[in-house]
Amino acid sequence: MAAFSAVKIPPPQFTTVRSSSQRPGSSPAHFAHSPSAFNSISFGSAKSVRSRPLFAVSSDVVSSDKTKPASSSAFIVNCDMIWRSRLVHCLVVAVTREVALELYEDMVLGRAFEDMCAQMYYRGKMFGFVHLYNGQEAVSTGFIKLLNQSDKVVSTYRDHVHALSKGVPSREVMAELFGKATGCCRGQGGSMHMFSAAHNVLGGFAFIGEGIPVATGAAFSAKYHHEVLKQSKPEGLDVTLAFFGDGTCNNGQFFECLNMAQLWKLPIIFVVENNLWAIGMSHLRATSDPEIWKKGPAFGMPGVHVDGMDVLKVREVAQEAIARARRGEGPTLVECETYRFRGHSLADPDELRKPDEKAHYAARDPIIALKKYIIEHGLASESELKSIDKKIDDVVEDAVEFADSSPLPPRTQLLENVFADPKGFGIGPDGKYRCEDPLFTQGTAQV
Amino acid sequence: MLGLMRRKLGSGDVPALIGGQVLQRISPATSVLPRFFSSAAKEMTVREALNSALDEEMSADPKVFLMGEEVGEYQGAYKISKGLLEKYGPDRVLDTPITEAGFAGIGVGAAYHGLKPVVEFMTFNFSMQAIDHIINSAAKSNYMSAGQLSVPIVFRGPNGAAAGVGAQHSQCYAAWYAHVPGLKVLSPYSAEDARGLLKAAIRDPDPVVFLENELLYGESFPVSAEVLDSSFCVPIGKAKIEREGKDVTITAFSKMVGFALQAAEILSKEGISAEVINLRSIRPLDRATINASVRKTNRLVTVEEGFPQHGVGAEICMSVVEESFEYLDAPVERIAGADVPMPYAPNLERMAVPQVEDIVRAAKRACYRSVPLAAAA
């Protein structure tokens, strides 16, 4: 893999970058036009030009000139036009009706579920730290719906929707949030620690950056199974997705793992959900170089930036990155520009973000955008989409009822699951010390 | 010739007038003697014990792999993993960059999927850079996921003070890791401990913190044929009574066991019969053995190398107070390292770590013999 040098980014061109009719090779829509580009790596090259985020400036403005928009109000109007033109010109990839409806349903599930979480929190059914994913659904759906069951997902504390997209039933996630024994972790994990071995959701980590090495390890185990244990699969290596935010990209563990993943060519995709804010710390105030995708080429892996409010664009980039990883070509760093419509958590008053920034991104709501796309391309009718909405509402209501009626964990559960040993302390089910069983290690010991 | 033979006999329990050939057969072994003679005590260093344990476990189970700094081409920073790279290849013996947080987390992620990583920290002081993963991802995962994801990982490396390495390279982490539910913390003393505990740790389905000691690596211990067998394991959570006694119980782990045994020897000449317990397992602590011993002797001295406050000795004392209070005839004596970061100067370092004299004095205090309380400087 050739090393990618950092690319010099020309000053932002708001109106021209996104519409491919003017610059055919200039945006991620490039992939749409030339499918053969899938084989050559064009990520991280001069062609991936993008405008830098204009907002994400706190109320006491501490930013340099290059981040200030020329005129913010005019920009909003332009963005609407860009969005519409982008829809028509850029998304030429044929998406089938089934796929489109699957994506729509998944995003609506994520949104409805998170809205219900907010309601339940304010009613006291949910407690502690709850971090909602509203607005970022395109990233989760765009990536996770391309995975197989044996592919792995590692996330942060904002993990409800990642678990749902991967297939964990919403009943189990809701029950876990209520702290009931029927939750996916029997009430022992909570909002920030969603684990599901059956669906290969490996958490749910509260410390930012903590999931990245664990994800790298899961990718390592996929490669180890293939190369050392010779348990190969016809479709290729199992891929791991690590989701994390913009704040994490300044953390040491992130860089350590970029290095090791590329060094050992691990099948992992580092997905940055850059929603421009880390609680109340603006990404621009915290980061020396805010363009996160550039950190990939610094370690020798491709770095891509994609519009994270557009599920079809995310899906395209995801397809390419996942295919690379499966073939054993190594990791990719994908920066998704997205936004969270709510505060950092339900306890966050969210006072530092400007209303016009919020309005700008609210206008780019991924669900509304996909709905428009579906209708404009005649993939489904309005009423069909409405019936999906209704169906999801029923699913979420049912999840709440299930969680409500589930029992709290019994007292005896407090001391369970500390160790994988059923009796703890190295004692197996037959009451004898495990290590004394001569069959304990099955293998070919030739000493 | 005869003079030479007499010197070889040493302890004098074999008659002096024996032909040279017979003497050779009885003398403590070398590799000349076949292993299956139970009378032959083979000697093995702790380093060899650890190396052979790793070798055997890696050959028995292809899912076991070793990861750490300098474990491969350098043959191990302390030569514990000597020869493993040639034998198993770079896929199973991985030299990592200097990224403790990164590779400890990678080990945990690999362990989620049934692999059995052995993560080496060059010293446990460096584990502080990875402690988030040892505790938050490894120890707590089985609980947080309600049993769905277990972490069969071993974190090993030298712990505690070496010789003259200064404050940042000399801390003992037994108390820190033993504090956390979800971890098993082991600390071997002899070669038999090292071999048996490391094999048990690698086979264990839970995260194990394996605290070795750099100064013990080169020490030789006699090992029986049973220890050399490839399926030999020592149970986790059981202490060993190294020396039986009836007047005072001395608990210790790692290097301090050697000091405690020397102290017991000195005490026996003064009429105090000390029982020395080698803890082997800090978490879970073998409270049963400790309490049974205290109920027999009625006096307790705990010895550890680490800092005194909130240390292992404090926990042992509390366990005895909870379960065997009526049996105590004297307050529990706690011997620990000095409550200061480890100094560099050799005389200060000597004062900062427990010595045999400290243990002897503490045992005498526990037996109500009059001794000065503090060591003269």
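What you are looking at is a predicted structure, and each value in this text was computed from that prediction instead of being measured. A note on names: the letters A, B, ... follow the listed sequences, proteins ahead of strands, and every chain is numbered from 1.
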Worksheet item: Stepwise, does the salt bridge (charged side-chain N to carboxylate O under 4.0 Å, His left out) test hold for A/Glu329 with A/Lys265?
Response: CA-CA 6 Å; A/Glu329 288 172 23; A/Lys265 292 265 194 307; over 6 Å; no
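Comparing B/Thr99, B/Thr96, B/Leu94, B/Ile98 by how many heavy-atom pairs each has under 4.5 Å with chain A, the most go to B/Thr99. Contact count against chain B (heavy-atom pairs under 4.5 Å) is highest for A/Leu414 among A/Leu414, A/Asn259, A/Thr240. Among the candidates B/Gly147, B/Ser150, B/Ala101, the residue making the largest number of heavy-atom pairs closer than 4.5 Å to chain A is B/Ala101. No other option in A/Leu263, A/Val214, A/Val154 has as many heavy-atom pairs under 4.5 Å with chain B as A/Val214. Ranked by non-hydrogen atom pairs under 4.5 Å with chain B, the options A/Cys257, A/Ser221, A/Cys185 are led by A/Cys185. Ranked by heavy-atom pairs under 4.5 Å with chain A, the list B/Ala139, B/Ser145, B/Gly89 is led by B/Ser145. Taking chain A as the reference chain and counting heavy-atom pairs below 4.5 Å, the highest number among B/Asp91, B/Asp132, B/Leu149 is found for B/Asp132.
In summary, the side chains of A/Gln253 and B/His133 do present a donor paired with an acceptor at a separation below 3.5 Å, with no hydrogens or angles considered. Side-chain contact annotation: A/Asp238 with A/Ser150, donor-acceptor N/O pair under 3.5 Å present. Side chains of A/Tyr157 and A/Ser345: a donor-acceptor N/O pair is absent below 3.5 angstrom, by distance only. Side-chain atoms of B/Asn278 and B/Asp193 form a donor-acceptor pair, as typed in the model, at a separation below 3.5 Å. For the 3.5 Å distance criterion, the side chains of B/Arg195 and B/Ser52 qualify, holding a donor opposite an acceptor. Using modelled atom types and a 3.5 Å distance limit, the side chains of A/His160 and A/Ser191 yield a donor-acceptor pair.
Figure legend: B/Lys184 and A/Phe419 shown as a cation-pi pair, the cationic atom lying under 6.0 angstrom from the six-membered ring centre and within 45 degrees of its axis.
Using a 4.5 Å cut-off between heavy atoms, A/Glu176 does not touch chain B at all. At a 4.5 Å heavy-atom cutoff, the contact between B/Leu183 and chain A is made by backbone atoms alone. Residue A/Leu229 touches chain B through its side chain alone, counting heavy-atom pairs closer than 4.5 Å. For A/Lys152, the part sitting under 4.5 Å from any heavy atom of chain B is the side chain, from C-beta outward, and nothing else. In this structure, the portions of B/Lys63 lying under 4.5 Å from any heavy atom of chain A include both its backbone and its side chain. Looking at A/Leu258, there are no atoms closer than 4.5 Å to chain B (heavy atoms on both sides), in backbone or side chain. Using a 4.5 Å cut-off between heavy atoms, B/Val64 touches chain A through its backbone atoms (N, CA, C, O) alone. Of the two parts of B/Glu100, only the backbone, made up of N, CA, C and O, holds a non-hydrogen atom closer than 4.5 Å to a non-hydrogen atom of chain A.
Of the residues listed (A/Lys233, A/Gln231, A/Lys230), the one engaging A/His225 in a side chain to side chain contact (heavy atoms under 4.5 Å, CB included) is A/Gln231, and it is the only one. Screening A/Phe207, A/Phe254, A/Phe205 for a ring pair (Phe, Tyr, Trp, His ring centres under 6.0 Å) with A/Phe244, the sole residue that qualifies is A/Phe254.
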